[in-house]
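Shown next, in structure tokens, is the structure this report addresses.
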Amino acid sequence: MQYADFCTIEYPDVAQLVPLFDLLPDVVFFCKDRVGRYWVVNETLRLRCGCRSKQELIGRLPEDLFPLELGASYASQDQQVIRSGCALNHRLEVHMYPDLQMGWCVTHKRPLRDRNGSIMGLIGISRDLRSPNRNAPTWRRVASSIDYLNEHFAEINSIQQLATLAQLSLSQYERAIQQIFELTPKQLLIKTRIDASIQLLAGNDSIAAIGLACGYADHSAFSRQFRLITGLTPRQYRQLLGRNA
DNA sequence: GCAGTGCAGGCGTCTCACAT
DNA sequence: ATGTGAGACGCCTGCACTGC
């Protein structure tokens with residue numbers, strides 16, 4: 001099949017949405033075919049991949065664009081959506097672009113179907129995490145617990161602990177955190193831990209020691225979490241840093 | 001020895017509906 | 001706006017195993 005043939009699919013004509021997504025600098029928008037090749041991208045993705053035109057991205061696989069194992073990881077996630085036909089929603093991730101610029105985002109991917117219901121690829125968006133909404137009415141009440149979280153992320157055993165600090169019920173606390181960070185409390189804790197581990201991986205500590213320092217029970221728990229969030233194992237990430245130092 | 005992965009069980013978290 | 005409860009889901013843990 002010629003690639004151009006694939007782009008003539010009548011329904012849904014997602015390409016018409018691109019001009020709208022081009023206006024959102026904090027949103028990456030893309031569609032991929034069954035193989036995982038980009039066939040629609042927005043301006044934000046083009047910029048972050050350092051391409052001069054969108055055409056440079058079209059027809060290419062993640063492996064062609066992103067650093068080594070990272071591209072393979074994105075491709076594997078795509079294939080999971082395409083094969084299972086199940087959407088991937090509200091996935092907290094760290095994205096790394098070809099220049100190794102990193103950013104936290106929340107990703108949603110859905111299988112894309114034609115008129116007959118057959119899966120023809122996937123459609124996805126990744127929205128950058130915004131700064132916490134300090135104007136939210138609940139900010140004052142949770143601020144102290146966030147300070148505590150930032151300093152003691154390795155010692156926190158439950159979200160209830162943070163809710164108690166904020167003098168809120170668990171329900172109130174979960175809603176407040178959602179309102180302020182657009183994340184669940186658990187996602188916020190994971191983000192804090194992974195951020196810290198990313199800093200530590202630039203040093204020479206063992207991966208097991210970093211896992212423990214960031215609040216994980218053992219190296220395997222840390223390794224799994226890290227890979228889930230970043231797409232790389234801690235060692236792969238460290239090697240990537242080393243190659244680009 | 002270190003690091004990554006697979007698996008199973010248990011438990012915490014999240015979401016939703018509903019009541020107050 | 002807040003609290004509560006149920007059910008589903010996903011994460012964590014511990015262990016074993018493998019590869020480097």
Side-chain angles (χ1 to χ4, degrees), chain A residues 67-77 79-81 83-94 96 104 106-110 127 129 133 135-142 145-146 148-149 152-243:
Chain A
L68 297 171
E69 300 86 356
L70 201 54
S73 163
Y74 293 158
S76 155
Q77 193 186 65
Q79 285 307 313
Q80 194 185 330
V81 172
R83 290 206 188 105
S84 69
C86 297
L88 180 153
N89 290 319
H90 297 287
R91 179 78 164 265
L92 177 67
E93 294 180 328
V94 172
M96 253 174 279
W104 285 91
V106 178
T107 296
H108 313 258
K109 290 181 180 176
R110 284 165 189 259
R127 184 176 57 72
L129 275 192
N133 177 12
N135 295 322
T138 44
W139 169 255
R140 276 171 180 262
R141 300 187 71 177
V142 303
S145 73
I146 300 305
Y148 184 84
L149 168 65
H152 302 278
F153 54 82
E155 301 153 28
I156 293 166
N157 297 317
S158 73
I159 302 305
Q160 179 65 61
Q161 202 178 333
L162 293 171
T164 303
L165 263 175
Q167 296 181 306
L168 293 171
S169 71
L170 193 56
S171 301
Q172 283 177 300
Y173 191 72
E174 282 171 353
R175 285 165 181 157
I177 294 299
Q178 280 275 11
Q179 186 181 34
I180 294 164
F181 292 92
E182 298 180 43
L183 294 174
T184 64
K186 188 69 184 178
Q187 285 178 322
L188 182 62
L189 176 59
I190 290 171
K191 176 181 179 296
T192 307
R193 286 178 169 170
I194 295 295
D195 266 339
S197 72
I198 284 172
Q199 300 293 322
L200 291 173
L201 282 167
N204 296 318
D205 290 346
S206 72
I207 287 169
I210 292 172
L212 289 175
C214 293
Y216 294 94
D218 63 10
H219 78 277
S220 64
F222 170 53
S223 182
R224 271 189 287 256
Q225 180 81 266
F226 193 90
R227 191 161 75 94
L228 189 70
I229 297 292
T230 67
L232 298 174
T233 65
R235 184 159 65 175
Q236 286 172 336
Y237 175 73
R238 185 170 257 171
Q239 286 167 347
L240 205 59
L241 284 182
R243 280 198 294 270

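So that the names make sense, note that chain A is the first sequence line, chain B the second, and so on, each numbered from 1.
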Between atom [atom1] in [X] and atom [atom2] in [N], what is the gap in whole Å?
| X | N | atom1 | atom2 | value |
| --- | --- | --- | --- | --- |
| A:Leu183 | B:dT15 | CG | P | 11 Å |
| A:Leu212 | C:dC12 | CG | C1' | 14 Å |
| A:Ile207 | C:dG19 | CD1 | C1' | 15 Å |
| A:Tyr173 | B:dG12 | OH | P | 18 Å |
| A:Phe222 | C:dC11 | CZ | P | 16 Å |
| A:Leu162 | B:dT13 | CG | C1' | 13 Å |
| A:His219 | B:dG6 | NE2 | P | 13 Å |
| A:Leu189 | C:dC11 | CG | P | 13 Å |

Counting N and O atoms only, with roles assigned by atom type, does the side chain of [X] sit under 3.5 Å from a partner on the main chain of [Y], one being a donor and the other an acceptor?
| X | Y | answer |
| --- | --- | --- |
| A:Gln187 | A:Thr184 | yes |
| A:Ser223 | A:His219 | no |
| A:Arg238 | A:Gly203 | yes |

request  = Would you mind telling me which residue lines up with the more 5' stretch of DNA chain C, A:Arg235 or A:Tyr216, judged by nearest nucleotide?
outcome  = A:Tyr216
message = Could you report the tightest heavy-atom contact between A:Leu92 and A:Leu129, atom names first, then the distance?
response = CD1-CD1, 4.0 Å
Do any side-chain nitrogens or oxygens of [X] fall under 4.0 Å of OP1 or OP2 in [N]?
| X | N | answer |
| --- | --- | --- |
| A:Thr233 | B:dG4 | yes |
| A:Ser206 | B:dC2 | no |
| A:Thr184 | B:dT13 | no |

ask   = Which sits closer to the 5' end of DNA chain B, A:Ala221 or A:Gln187, going by the nucleotide each is nearest to?
value = A:Ala221
key: The single option from A:Leu201, A:Ile210, A:Leu200 passing side-chain contact (heavy atoms from CB on, under 4.5 Å) against A:Pro234   = A:Leu201
ask   = Does A:Thr233 have any side-chain contact (heavy atoms from CB on, under 4.5 Å) partners at least two apart in sequence or in another chain, and if so, which?
value = A:Arg227, A:Arg235, A:Gln236
query = Which part of the nucleic acid, if any, lies within contact of A:Gln225, taking any heavy atom under 4.0 Å across all strands shown: a base, the sugar-phosphate backbone alone, or nothing?
reply = sugar-phosphate
message = Would you say that A:Val106 contacts A:His108 through its side chain, given a criterion of any heavy-atom pair below 4.5 Å between the two side chains?
response = yes
inquiry  = Tell me whether the side-chain N or O atoms of A:Arg224 pair up with the base of C:dG14 as donor and acceptor below 3.5 Å, since no angle test is needed here.
reply    = yes
ask   = When the C1' atoms of the five terminal pairs at each end define the local axes, what inter-axis angle does the helix from B:dG1-C:dC20 to B:dT20-C:dA1 show, to 10 degrees?
value = 40°
